[in-house]
Amino acid sequence: MEGRLEDHCNMNNGGITFVTSCTFSPKQRLAKSQRAKTFYGNSNNIGRQSSPAKLMFPGVITNNLFPLNMVSQGDHFHEECGVIGVWGIESAAKIAFYGLHALQHRGQEGAGITVVFNEKLYEYKNLGLVTEVFNDDILSELQGSAAIGHNRYSTSGEKSVRNVQPFTVELNGIQVSIAHNGNLTNANKIRSQLELRGSIFNTSSDTEVVLHLMATSLLASSCIEKNSQDALVRRLIDALSRVEGAYSILLLSPFGLVAVRDPLGFRPLVMGKMKDNSKNVIFASETCVFDLIGAEFVREVDPGEMIVVSKDGRIHSLFPFPSHTRKACIFEHIYFSRPSSIVFGRSVYMSRFRFGEILAEIAPVEADIVIPVPESGVPAALGYSAASGIPYQPGIMRSHYVGRTFIQPTQHIRDLSVRLKLSAVRSIIEHKRLVVVDDSIVRGTTSRKLVRMLRENGAKQVHVRIACPPITGSCYYGVDTPNTKELISHNMTNEEIRKYIDADSLAFLPLDQLHQFLGEESSSFCDACFSGNYPIPPLPVEDTTHDILSPML
């Protein structure tokens with residue numbers, strides 16, 4: 001695989017510096033790396049500066065960008081990404097690498113890390129899994145005690161490293177790098193207005209909107225100050241005051257690290273520290289990162305909170321946005337997060353286990369064994385087994401070496417695409433009445449193929465239990481979901497779905513039971529994909545009637 005090396009062609013775009021690229025082969029890298037030049041940033045939002053230092057190599061660039069609002073062709077929702085930030089720890093890039101590995105479930109399309117070294121930013125990114133993008137040689141080049149990292153989620157269609165974060169830019173001489181988990185509901189509207197005013201976008205990511213808003217902020221004149229960290233914070237506050245939707249953002253500069261979560265708190269963001277060093281801070285999408293790297297959980301970043309870590313390690317907390325009732329995404333507990341994580345103050349594993357218990361209570365059935373659809377169906381299946389007394393058995397095995405499968409022209413080949421990922425254990429399921437527990441049904445295609453596979457392997461009966469309510473609406477807050485025409489529960493009744501997937505019985509977790517489980521916190525969770533009650537109504541792409549680029553008061 002070839003890399004790309006930035007050349008000397010700079011282009012200023014509304015205050016953001018871009019650099020074009022030229023290609024070189026892997027054999028050329030060693031010779032190139034001996035030159036006394038410093039390169040930082042990536043191909044889409046980067047700057048270049050001459051100085052004797054080591055050379056950073058960004059990943060391969062293609063000319064194909066993701067179209068906006070791309071939807072996945074899989075039968076699960078896909079989380080947008082995972083983020084990690086490290087400040088005050090030597091070999092911060094290696095900590096970020098392990099953190100991204102712990103967050104791999106949140107995105108498998110690409111990964112990137114930006115570091116601060118000698119008061120400059122250096123970045124490496126590429127398409128692929130974390131262990132495919134980074135190796136010891138690359139990580140050894142990414143020196144410094146501060147870093148941010150990002151995993152991007154998988155999707156169908158063309159892939160491009162241009163959309164892999166962090167995005168590293170130069171804002172009027174100040175280097176910044178940004179990593180974002182979430183989705184801005186008014187991004188298209190802002191983008192259209194910015195383009196009319198001369199901004200040129202180089203990615204299809206809504207994260208770039210934030211950078212352009214920072215660059216064109218009416219507070220920009222105050223940003224050439226002695227304390228550039230304060231100036232960047234003011235720009236970021238100004239930019240985020242004009243966007244709507246979900247964001248957990250990390251912003252890195254030579255002057256410090258900023259972590260901010262949107263006022264509704266859709267997506268998770270937590271803070272921790274290494275146990276043997278009190279003068280450090282780590283931010284991550286989930287607490288499972290801390291388990292892997294040996295850090296301790298400190299607390300959540302509160303909705304609407306901005307935490308600023310200064311160059312000397314001091315930590316400041318501020319709440320620059322109007323307060324709102326939290327609307328945390330309940331799907332983090334249903335599917336997205338790792339079972340070992342504590343998300344929104346609750347154990348993900350225990351939530352899923354309880355969902356299974358509730359299903360056993362409200363939808364009992366006579367059966368011989370309970371089997372999960374791996375991996376996300378395992379805790380709920382264990383809960384169903386515990387509450388019902390029906391033995392648990394791993395009747396379906398999952399291959400960990402298969403990537404995405406694509407729609408194929410014949411039914412036989414389409415079935416094979418599922419069997420590449422999931423295989424039935426005939427000795428367990430043959431002549432058995434099965435309770436099959438899964439986390440969700442999106443389009444229904446995978447469930448249909450799965451039931452067929454179980455019957456072909458001798459299952460006597462197949463009773464499907466789904467550990468979430470029927471999904472009837474799309475998500476606009478950081479989850480890659482199909483439009484409503486593709487959601488099977490939006491278009492069919494539960495009985496019609498049962499017939500379509502050929503199950504002997506089908507039951508979903510009722511929405512009122514989910515609310516009962518959440519108790520007094522129920523109103524603080526977003527369940528729009530089930531209820532249609534959107535905390536922030538999505539805007540049509542063509543709606544540009546309200547000028548959100550007016551200055552913040």
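Below, each value reflects all heavy atoms present in this structure, side chains not excepted, and no hydrogens, waters or symmetry copies. Nothing here was measured: the structure is a model prediction, and the numbers come from that model.
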Flag the pair Phe525 / Arg326 as yes when at least one side-chain heavy-atom distance between them is below 4.5 Å, and no otherwise. yes
Heavy-atom pair of closest approach, residues Ala187 and Val209: O-CG2, 4.0 Å
Can you measure from NZ (Lys327) to SG (Cys526) and round to the nearest 0.5 angstrom? 7.5 Å
Salt bridge Glu305-Arg299, side-chain N to carboxylate O under 4.0 Å: yes
Take Asp439 and Arg352 through the side chain to side chain contact (heavy atoms under 4.5 Å, CB included) test and state the conclusion after the steps. CA-CA 8 Å; Asp439 61 272; Arg352 295 177 186 173; over 6 Å; no
Checking the side chain of Glu286 only, and the main-chain atoms of Arg338 only, is there a donor and an acceptor separated by less than 3.5 Å? yes
SB check Glu486 Arg443 (cutoff 4.0 Å): yes
Between Gln175 (side chain only) and Pro254 (backbone N and O only), is there a donor and an acceptor less than 3.5 Å apart? no
Give a yes or no on whether a salt bridge exists between Asp238 and Arg234, defined as a side-chain N under 4.0 angstrom from a carboxylate O. no
With distance as the sole test, does Thr472 use its side chain to make a donor-acceptor pair with the main-chain N or O of Phe530 at under 3.5 Å? yes
Just by modelled atom types, is the Thr203 backbone N or O under 3.5 Å from a matching donor or acceptor in the Glu208 side chain? yes
Apply the test side chain to side chain donor-acceptor pair (under 3.5 Å) to residues Gln229 and His316: give CA-CA distance (whole Å), side-chain angles for both, the deciding distance (0.1 Å), then the verdict. CA-CA 12 Å; Gln229 175 74 344; His316 306 274; over 6 Å; no
What's the spacing between Tyr247 OH and Ile178 CD1 if we round to 0.5 Å? 11.0 Å
Closest heavy-atom contact between Gly245 and Ile536? N-CD1, 3.5 Å
Out of curiosity, Asn280 CG to Ile95 CD1, how far, rounded to the nearest 0.5 Å? 9.0 Å
Are the side chains of Ile307 and Val281 in touch, meaning some heavy atoms are under 4.5 Å apart? no
Distance-minimising heavy-atom pair for Pro268 and Val343: CB-CG1, 4.0 Å
Return yes if some donor-acceptor pair links the side-chain N/O of Ser199 with the main-chain N/O of Glu195 below 3.5 Å, else return no. no
Spell out, as yes or no, whether a donor-acceptor pair under 3.5 Å connects the side chain of Ser205 to the backbone of Asn163. no
Is there side-chain contact between Ile441 and Ile471, with at least one heavy-atom pair below 4.5 Å? no
Can Ser340 and Val348 be said to form a side chain to side chain contact (heavy atoms under 4.5 Å, CB included), step by step? CA-CA 7 Å; Ser340 60; Val348 174; over 6 Å; no
Restricting to non-hydrogen atoms, name the atom on Pro470 and the atom on Leu509 that form the minimum distance, rounded to 0.1 Å. CD-O, 4.5 Å
Met274 side chain near Ile89 side chain, heavy-atom distance below 4.5 Å: yes
Any side-chain heavy-atom pair from Ile148 and Phe283 closer than 4.5 angstrom? no
Can you check side chain to side chain contact (heavy atoms under 4.5 Å, CB included) on Asp527 and His515, steps first, answer last? CA-CA 9 Å; Asp527 64 0; His515 289 164; 2.7 Å; yes
For the backbone of Val176 and the side chain of Ser253, can you confirm whether one donor and one acceptor N or O come within less than 3.5 Å of each other? no
When rounded to the nearest 0.5 Å, the distance separating CD of Glu521 from CZ of Phe344 is 10.5 Å
So do Asn126 and Val164 actually touch side chain to side chain, heavy atoms under 4.5 Å? no
Pair Cys329-Tyr477, side chain to side chain contact (heavy atoms under 4.5 Å, CB included): steps then yes or no: CA-CA 9 Å; Cys329 175; Tyr477 314 123; over 6 Å; no
Rounded to the nearest 0.5 Å, the CZ atom of Phe167 sits from the CG atom of Asn202 at a distance of 9.0 Å
Is the count of non-hydrogen atoms from other residues, nucleotides or ligands lying under 6.0 Å from Tyr98 atom OH greater than 12? no
Would the distance check show the side chain of Asn491 and the main-chain N or O of Lys485 forming a donor-acceptor pair, the cut-off being under 3.5 Å? yes
Report the relative orientation of the aromatic rings in Phe97 and Phe134; use parallel for angles under 30°, tilted for 30 to 60°, perpendicular for over 60°. perpendicular
His490 NE2 to Asn483 CG distance, which is reported to the nearest 0.5 Å: 9.0 Å
Close side-chain approach of Ile293 and Ile282, heavy atoms under 4.5 Å: yes
Closest contact, heavy atoms only, Ile330 versus Leu518: CD1-CD2, 3.9 Å
Can you name the nearest heavy-atom pair linking Asn151 to Leu103, along with the distance? ND2-O, 3.2 Å
Is it true that a side-chain atom of Asn181 and a backbone atom of Ser248 form a donor plus acceptor pair closer than 3.5 Å? no
Report yes if some heavy atom in the side chain of Ser145 is under 4.5 Å from a heavy atom in the side chain of Glu90; otherwise report no. yes
Count the heavy atoms belonging to other residues, nucleotides or ligands that lie under 6.0 Å from CD of Glu119, then report whether that count exceeds 12. no
For Gly107, is there any backbone N or O sitting under 3.5 Å from a side-chain donor or acceptor partner on Gln104? yes
